[in-house]
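In what follows, a structure is listed as structure tokens, so that the remarks can point back to it.
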Protein chains: 2
Amino acid sequence: MGRNQDIPKAVIKRLSLYSRVLQNLEIKNVQKVSSKELGELLGVNSAQVRKDLAYFGQFGVPGFGYYVSELRSKIKKILRTDRPLKIGLIGVGNLGSALLSYTGFKKQGFHIIAAFDNDKRKIGKKHSDIIIQDIANLEKTIKEKGIEIIILTVPVEKAQEITNNVIDTGITTILNFVPIRLIVPDYVRVHYVDLSIEIESLSYYVK
Amino acid sequence: MGRNQDIPKAVIKRLSLYSRVLQNLEIKNVQKVSSKELGELLGVNSAQVRKDLAYFGQFGVPGFGYYVSELRSKIKKILRTDRPLKIGLIGVGNLGSALLSYTGFKKQGFHIIAAFDNDKRKIGKKHSDIIIQDIANLEKTIKEKGIEIIILTVPVEKAQEITNNVIDTGITTILNFVPIRLIVPDYVRVHYVDLSIEIESLSYYVK
DNA sequence: TAGATTGTTAATCGATTAACAATC
DNA sequence: TAGATTGTTAATCGATTAACAATC
């Protein structure tokens, strides 16, 4: 399972961006694209596009460029988004319930298939086609449904404890919206989305 | 107004993180902190902490460290979050309304003071203490209320057009949740929060 | 074939880390 | 004073970009 840990995180993020741009080109029925064009659409250098792809193999035709849909499907395979991703969400508060109903995920083929909370008033209620479950069922449901990624939108005070529980179930990939640095073992990957930090660092650039 | 454009974006983001960690230390009544301790709390090298701060001046006491609350207030001054930030939000859909009621912003002292939509059914309705306004009033309200930052949560198809309108009002800082690269003049700063890209790049690390 | 663009190596650039004199 | 930690310069590391032979 230990996949090439040595590929820079920035490369993986750009791969996702390439994938989306290629999707847009596909919709427009564009057949071919060069690294130069792809780079321009994303604001990155053409050499970087080629180098990013070179980490994973050879996908282009010298003198020609890349076949749009072929490249896209290969990138999706690399990212493993060539199949439905099984996502669970913990903490159905403001942000959590917004993410549950966020159509942007569905558009990209990402489906949240389970949601958990500890609030008795929420448990059992239906939200965007899924029934909110008691967090006590976390391990059972994660295993039954084969959930691979957990989105964390719980209160700060509970975040570390719940993270520990999540890791105990065998989950290794977490998207954390809670403004706290989680302590996790090396093999667990946490990506942080910190809305306040985004605002605060934008503030510096206010004219 | 042209502030030091040459300070790396990563430094500004870390500054926001330092600020939050210092806030937590303040709450715990910790008086002093060294660059080593601060670095450990954030997973960065102590030399980096010192170097980041050195961009802006000398804040420490050799042989001693930094006074927690003094350092924090100086960082807040640099980031200009030592005063209430005036934020407007455009697009009161799922994500937009979640951000309106997101308590995390308020906790950090960031207040969304205006929200806009073009849906007649939403306009005039109250949401988290603010009345949703017609987007036709964008320029007027931004100027009247002195809004400095715009959060964009509109549908993809309208994002570029609305961005153009926003820029026409004189706004130069945008937090964009719409999964599209916005075309803006050089003096405008756009930060992107792209939830699908976060999921897609996490997918690569699924075991 | 001539033209174009890839894949890849070498050069450059920038950011991170180490080291240490200055100093509290 | 001795010990500790800053601020800053120099060394290292890694990522980006340029250049070009290979090749369609």
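Heavy atoms only: backbone and side chains are in, while hydrogens, waters and symmetry mates are out. By convention in this document, chain letters (A, B, ...) are assigned in the order of the sequence lines, proteins followed by strands, and residues within each chain are numbered from 1.
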* Structure fact -> Its 5'-most and 3'-most nucleotides having an atom under 4.0 Å from a non-hydrogen atom of chain B, DNA chain C is contacted over C:dA15 to C:dC24

* Output yes when a side-chain donor or acceptor of B:Ser203 lies under 3.5 Å from a complementary backbone atom of A:Leu79, and no otherwise. => yes

* Which residue lies more 5' along DNA chain C, comparing B:Val11 with A:Lys32 via nearest heavy atoms -> A:Lys32

* Can you tell if the side chain of A:Ser34 reaches within under 4.5 Å of the side chain of A:Tyr66, non-hydrogen atoms only? -> no

* Asked: Does atom NZ of A:Lys36 have more than 12 heavy-atom neighbours, drawn from other residues, nucleotides or ligands, at distances under 6.0 Å?
  -> no

* Asked: Looking across every strand, which nucleic acid part, if any, lies under 4.0 Å from B:Lys36 by heavy atom: base, sugar-phosphate, or nothing?
  -> nothing

* Return the 5'-most residue of the pair B:Ser46, A:Arg50 with respect to DNA chain D, ranking by each residue's nearest nucleotide. => B:Ser46

* To do: Select from B:Glu37 and A:Arg14 the residue whose nearest nucleotide in DNA chain D is closer to the 5' end of that strand.
  => B:Glu37

* Asked: Got a minute to check which stems DNA chain D is part of, using Watson-Crick or G-U wobble pairs under 3.5 Å, three or more consecutive?
  -> C:3-24 with D:3-24

* Asked: Does any N or O in the side chain of B:Glu40 come within less than 3.5 Å of the main-chain N or O of B:Glu37, such that one atom is a donor and the other an acceptor?
  -> no

* Asked: Reckon A:Ser35 touches a base, only the sugar-phosphate, or nothing at all at heavy-atom distances under 4.0 Å?
  -> sugar-phosphate

* Structure fact -> Of B:Val184, B:Leu182, B:Ile147, B:Ile150, the one forming a side-chain contact (heavy atoms from CB on, under 4.5 Å) with B:Val166 is B:Ile150

* Asked: Can a donor-acceptor pair be found between the side chains of B:Asn164 and B:Gln160 at a distance below 3.5 Å?
  -> yes

* Looking at residues at least two apart in the chain, or sitting in another chain, which of them share a side chain to side chain contact (heavy atoms under 4.5 Å, CB included) with A:Arg72? -> A:Ser19, A:Leu22, A:Gln23, A:Glu26, A:Lys76

* Has A:Ile27 got more than 12 heavy atoms of other residues, nucleotides or ligands less than 6.0 Å from its CD1? -> yes

